[in-house]
Amino acid sequence: MSSHDVMPDMDLYQPVQVEDAISLAARLGDRAWLLGGGQDTYGWLKDRAKTTEALIDLNGIESLRGVRETEDGIEIGALTTLTEIATNPLINENYSLLSQAAGRVASLQIRNIGTLGGNVSQDVRCWYYRRGLDCYRAGGNLCYADTPEGMNREHALFGASRCVAVNPSDTAPALVALEASMVINGDEGERILAAEDYFVGPAIDIESTTALREGEILTAVRIPSTWANATFYFEKVADRNVWDFALVSMAVAMKVSGNTIEDSRFVCGAVECKPRRLLEIEAAVNGRSHDGASAESIAATASAGARSLAHNQYKMPLMNNLVKRAIESV
Amino acid sequence: MNPKITRRRFIKGVIYSAAAAVPGAGYYVATAASSRPAGAVERLISINVNGRTRRVDVLPQETLTHTLRYRLNLTGTKLACNRGECGACTVMINDVANYSCSVLTQQVKGKQITTVEGLRAADGTLHPVQQAFIEELSPQCGFCTPGQVVSAAALLIANPNPTREEARQGLSGNLCRCGAYDHYLNGVMRAAELIA
Ligand SMILES: Cc1cc2nc3c(=O)[nH]c(=O)nc-3n(C[C@H](O)[C@H](O)[C@H](O)COP(=O)(O)OP(=O)(O)OC[C@H]3O[C@@H](n4cnc5c(N)ncnc54)[C@H](O)[C@@H]3O)c2cc1C
Ligand code: SF4
Ligand code: FES
Ligand code: FES
């Protein structure tokens, strides 16, 4: 693939008020691209696999940064960096599931500038698509990954609909486990979506990983105190500890008393185009205490219903084993 | 190749431009393409690099690596992958390590940029990290070295007395194709002693 040092000509807007960003986004519509840390964006533009007429840089908007305590939990501005999320005392004390997940994204330098909003809104990492091929997700008529010759080791076990790419975000499963809600602003005002509904698969929208509509900006993420200080388990399996995306990740929040898991949320990353909540596992786990044997037998069902491709069967035992480790960690 | 215009958007566009093909309706597109839209950034800006204010003509979409190397001649900062996957281009922005290939120069107005050229003292004394890397023979081929030096210097600002594991984390965003990682780590640990 040809690589270019310089991105093609485009306009750059640097609003400092969120209202200005919203009206710019509304006015420019699909001719503009919102810019957080740019760590997902620049690759597209450098490779000429996608182009835009204008960037709307959100980094100058101070009100979109930082972590605040609310009546019922915390609110994190969408432009807060992943490093800040990984190290913020408020998050570390009560919602360390999210700090752990944020701390495993990409590399230190990328976390120093990459934002939470960008992390949860990033595009898929299917290399056919990122290379600029005209596949289903790019508006074309076929999927290059889901063919007898296709390279699909990183791709989905569940929820495929023409496209078999997975959502690559490390923070997404943690936010779903914590029952976060996403605050979205647009020309027509504010709406709030549960994290579970923010991430969408290809059956709902094959061109976007989120429910954001054109011109809308994610302004904040709210985490309710529901799971504050719960027992957490996070694990990301990747080829290398730095830079690489999750092959499978597991974000689990559990309320434990004595040896009993009273309540839990098990959310698996990188097996579907949205974080996959493991409802059957939760139902089997809740209200009981577990030994190695029961953990093993429950976990063996985690990947039930998977539709694997030629090269990603390994993700099934990986899912099961991560569930087992999460249960055993109690 | 495939711009943001997907097949569906293309179809929408065709529908739209068919409607817009009435006389006079093409005018708006022509203006948008030929002049700077209101509110877009200025090209001539000031940035602070290694303690000096530099006035530069910077494209809206220009990366900091490009400005440093090709406009300011600061070629100590290396451009290798140009996509956030190696660390050769690492500089400090307000004392924090960043990949300069993946930051727009227009975003660092009002911030302090430190490149590998800016680390030694005014009298030429090397930065403790540079001195320690020499003493420990840290580099092998040397190509990744400027990035390793800057990452190590940024680590020691945030944490002057790191454990070896913390140093490993601090340098983990810098790839070394020669695999000289342990030698760099020895260098960081020695630098911490030199600073203490
Ligand atoms: C080498 C490399 C390795 C990576 N590894 C990982 C990894 O291991 N795990 C992982 O999760 N990610 C990884 N990433 C992906 C990504 O760069 C980071 O996740 C980063 O957090 C993205 O945030 P950003 O702010 O830089 O995104 P940007 O590029 O600024 O934005 C990403 C997308 O979200 C949109 N967007 C940004 N902010 C908003 C907002 N407030 N409202 C609405 N839309 C918005 C943008 O328009 C864009 O489409 C990696 C990237 C690289 C280059
Ligand atoms: S998996 Fe999705 S993104 Fe990848 S080639 Fe198939 S349709 Fe395109
Ligand atoms: S050149 Fe910037 S990270 Fe490789
Ligand atoms: S010393 Fe050769 S790449 Fe690191």
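Basis for what follows: all heavy atoms, side chains included, without hydrogens, waters or symmetry-related copies. Each chain gets a letter, A, B and so on, in the order the sequences are listed, and its residues count up from 1.
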Would you mind checking if [Y] and [X] are paired as a salt bridge, meaning a charged N to carboxylate O distance below 4.0 Å?
| X | Y | answer |
| --- | --- | --- |
| A:Asp20 | A:Arg27 | no |
| B:Arg71 | B:Glu62 | yes |
| B:Arg83 | A:Asp47 | yes |

Given heavy-atom pairs under 4.5 angstrom as the criterion, report whether the side chain, backbone, both or neither of [X] touches chain A.
| X | result |
| --- | --- |
| B:Cys89 | neither |
| B:Ser151 | side chain |
| B:Ser102 | both |
| B:Ile93 | neither |

Item to check | Working for salt bridge (Lys or Arg N to Asp or Glu O under 4.0 Å), residues A:Arg111 and A:Asp170 | outcome: CA-CA 12 Å; A:Arg111 294 192 296 274; A:Asp170 286 327; over 6 Å; no
Next on the checklist: Among A:Asn241, A:Leu108, A:Ile113, which residue has the highest count of heavy-atom pairs closer than 4.5 Å to chain B?
Outcome noted: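 Maximum pair count with chain B is reached by A:Ile113.
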Checklist entry - With respect to chain B, which residue among A:Asn59, A:Thr83, A:Asp57 yields the maximal number of heavy-atom pairs within a distance under 4.5 Å? => result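 The answer is A:Asp57.
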Chain B contact via [X] - which portion, at a heavy-atom distance below 4.5 Å:
| X | answer |
| --- | --- |
| A:Leu45 | neither |
| A:Ile110 | both |
| A:Pro15 | neither |

Checklist entry - Strictly under 6.0 Å, is that where the ring centroids of A:Tyr144 and A:Trp127 end up? => result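 Here the rings of A:Trp127 and A:Tyr144 have centres that are no less than 6.0 Å from each other.
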Item to check | Greatest number of heavy atom pairs closer than 4.5 Å to chain A - which of B:Asn174, B:Leu171, B:Leu59 | outcome: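 Max contact count across the listed options: B:Asn174.
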Next on the checklist: Would B:Glu193 and B:Arg190 count as a salt bridge (Lys or Arg N to Asp or Glu O under 4.0 Å) here? Give the steps.
Outcome noted: CA-CA 5 Å; B:Glu193 285 167 23; B:Arg190 182 185 283 251; 6.0 Å; no
Item to check | Working for salt bridge (Lys or Arg N to Asp or Glu O under 4.0 Å), residues A:Asp244 and A:Lys236 | outcome: CA-CA 10 Å; A:Asp244 280 336; A:Lys236 167 182 172 179; over 6 Å; no
